[in-house]
Amino acid sequence: MDQPIRTKSNGQIRVVLNSHERTTVRKEVPDFQVVPKVIPPEHTALKEIEEELGALVGMEEMKRMIKEIYAWIYVNKKREEMGLKARKQALHMMFKGNPGTGKTTVARLIGKLFQKMNVLSKGHLIEAERADLVGEYIGHTAQKTRDLVKKAQGGILFIDEAYSLGRGGEKDFGKEAIDTLVKHMEDKQHEFILILAGYSREMNHFLTLNPGLHSRFPLVIDFPDYNIEQLMDIAGRMLKEREYTLSHEAEKKLKDHLIWVKAVLNPNSFSNGRYVRNVIEKSVRAQAMRLLMLNSYDRHELMTLRSNDLIFEED
């Protein structure tokens with residue numbers, strides 16, 4: 001019997017047994033795979049975080065990014081199990097956006113996710129600002145900064161308005177805080193995660209203050225302002241959680257006010273979701289006072305905020 005003759009053509013392996021019989025064996029190498037939309041059941045950590053993210057309005061880019069980070073860490077562990085190279089990457093992050101866009105909330109969720117994945121041993125969040133890092137005399141700042149990093153071990157150090165560390169010029173102790181953070185980001189890069197947050201333009205300038213800063217933040221995430229519909233959605237969720245509802249007139253009044261305030265205020269001074277929360281809380285107190293004076297406490301009135309209950313910061 002003749003020896004089989006094997007030839008390759010266009011990704012197919014052709015086996016020729018003899019001149020009379022020919023069989024083609026296809027080696028399927030698909031160009032792409034359909035990614036299932038449903039997350040496999042073993043990823044409970046991601047499912048739990050997804051549920052919490054689902055309660056947040058907007059932030060689609062952030063939600064996608066968290067899934068990608070999870071997938072990257074998980075697949076890296078699988079590579080290690082197979083004896084493949086799996087370099088650990090620093091997970092320090094920068095959040096850029098205006099106040100009230102959910103930066104602190106997302107930082108807490110990331111801490112919980114990484115703790116569930118054993119990336120962080122504790123997953124807790126240490127919040128800090130300039131006053132927590134900058135000291136009053138030479139050497140004081142470095143010590144304060146080291147103490148904060150120590151508290152954040154196993155978790156996340158979240159520094160809001162981080163650009164304020166660079167506002168004082170060359171002789172300001174803020175520069176010492178930056179230098180100390182950069183050193184610890186390198187020395188302890190897998191022991192804690194540093195998240196710096198602040199306005200987009202100011203944070204871009206902040207990155208120029210130390211040559212080692214930019215390369216140490218592989219994850220830079222933008223938090224866009226909420227649009228009117230998203231702000232109304234936030235208000236609705238806050239009210240539902242508190243078992244309140246807006247009357248038709250109150251809903252229209254709130255929406256018209258948000259349109260006006262976003263058009264008039266500088267974007268940097270409008271606090272987005274925080275602004276809505278403040279309006280809701282003040283209005284709930286105003287409604288309580290109104291009902292007290294009317295001596296009216298039926299269920300519908302206890303749950304309804306009317307247009308004259310709405311209190312705006314500009315009033």
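Quick caveat: nothing in here was measured; it's all calculated off a predicted structure.
By the 4.5 Å heavy-atom criterion applied to side chains, Phe223 and Asn272 are not counted as neighbours. Contact of the Trp260 side chain with the Leu265 side chain is not registered, since no non-hydrogen atoms from C-beta on lie closer than 4.5 Å. The shortest distance between side-chain heavy atoms of Leu181 and Leu133 falls below 4.5 Å. Annotation: side chain of Met203 is not in contact with side chain of Val220 (no heavy-atom distance under 4.5 Å). Arg277 is listed as a side-chain neighbour of Met238, based on a closest heavy-atom distance under 4.5 Å. Side-chain contact between Phe312 and Leu254: present, with at least one pair of heavy atoms (C-beta onward) separated by less than 4.5 Å. A 4.5 Å side-chain heavy-atom check between Glu281 and Asn278 finds at least one atom pair inside the cut-off. Residues Lys255 and Met232 have side chains in contact (heavy-atom distance under 4.5 Å, counting atoms from C-beta outward).
In summary, the aromatic rings of His92 and Phe192 are positioned with their centroids under 6.0 Å apart.
No salt bridge links Lys47 with Glu50; every basic N to acidic carboxylate O contact stays at or beyond 4.0 Å. The pair Arg64-Glu61 meets the salt-bridge criterion, since a charged nitrogen lies less than 4.0 angstrom from a carboxylate oxygen. Contact check on Arg290 versus Asp309 returns a salt bridge, with a Lys/Arg side-chain nitrogen under 4.0 Å from an Asp/Glu carboxylate oxygen. Contact check on Asp233 versus Arg237 returns a salt bridge, with a Lys/Arg side-chain nitrogen under 4.0 Å from an Asp/Glu carboxylate oxygen.
Val75 and Trp72 fall into different hydrophobic clusters, where Ile, Leu, Val, Met, Phe, Trp and Tyr are joined by side-chain heavy atoms under 4.5 Å apart, directly or via other members.
Applying the salt bridge (Lys or Arg N to Asp or Glu O under 4.0 Å) test to Lys144 and every residue at least two apart in sequence or in another chain returns nothing.
Within a 6.0 Å radius of NZ in Lys77, other residues, nucleotides and ligands contribute more than 12 heavy atoms. Around the NE2 atom of His140, the shell of radius 6.0 Å holds more than 12 heavy atoms that belong to other residues, nucleotides or ligands. More than 12 non-hydrogen atoms from other residues, nucleotides or ligands lie less than 6.0 angstrom from NE2 of His190. For Arg79, the CZ atom sits in a packed shell: over 12 heavy atoms of surrounding residues, nucleotides or ligands are nearer than 6.0 Å. Within a 6.0 Å sphere centred on NZ of Lys282, heavy atoms belonging to other residues, nucleotides or ligands number more than 12.
A side-chain contact (heavy atoms from CB on, under 4.5 Å) with Leu194 is found for exactly one of Met93, Met185, Lys188, Met94, namely Met185. The side chain to side chain donor-acceptor pair (under 3.5 Å) test with Arg306 singles out one residue from Gln287, His248, Glu301, and that residue is Glu301. Among His124, Glu127, Glu52, the one residue that satisfies the side chain to side chain donor-acceptor pair (under 3.5 Å) test with Arg108 is Glu127.
Checked by atom type and distance alone, the side chain of Lys116 never pairs as donor or acceptor with a backbone atom of Glu48 at under 3.5 Å. The closest donor-acceptor contact from the side chain of Thr141 to the backbone of Gly135 lies under 3.5 Å. With hydrogens and angles disregarded, a donor-acceptor distance shorter than 3.5 Å links the side chain of His184 to the backbone of Thr180. Here the side chain of Lys63 pairs a donor or acceptor atom with the backbone of Leu56 at under 3.5 angstrom.
Within the model, atoms OH of Tyr244 and CD1 of Ile280 stand 10.5 Å from one another, a figure rounded to the nearest 0.5 Å. Residue Phe206 holds its CZ atom at 5.5 Å from CG of Leu165, rounded to the nearest 0.5 Å. Taking CG from Asn308 and NZ from Lys253, the interatomic distance works out to 7.0 Å, rounded to the nearest 0.5 Å. Atom CG of Leu196 and atom OH of Tyr163 lie 12.0 Å apart (nearest 0.5 Å).
The closest side-chain donor-acceptor pair between Gln143 and Asp147 falls under 3.5 angstrom.
Between His43 and Tyr70, the angle of the ring planes goes over 60°, which puts this pair in the perpendicular group of the 30/60° scheme.
When all heavy atoms of Leu310 and Ser283 are compared, the pair lying nearest together is CA-OG, 3.2 Å. Of all non-hydrogen atoms in Leu213 and Leu207, the two that sit nearest each other are CB-O, 4.0 Å. Of all heavy-atom pairs between Lys262 and Tyr226, the closest is NZ-O, 3.0 Å. The two atoms that bring Gly155 and Leu120 nearest to each other are O-CD2, 3.7 Å, heavy atoms only. The minimum heavy-atom distance linking Pro224 with Thr101 is given by the pair O-CG2, 3.5 Å. The minimum heavy-atom distance linking Ile195 with Ala107 is given by the pair CD1-CB, 4.0 Å.
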(Q) Using the rule given for salt bridge (charged side-chain N to carboxylate O under 4.0 Å, His left out), can you reason through Asp179 versus Lys175, listing the C-alpha separation, both sets of side-chain angles and the distance that settles it, and then say yes or no? (A) CA-CA 6 Å; Asp179 295 341; Lys175 188 175 184 301; 3.5 Å; yes

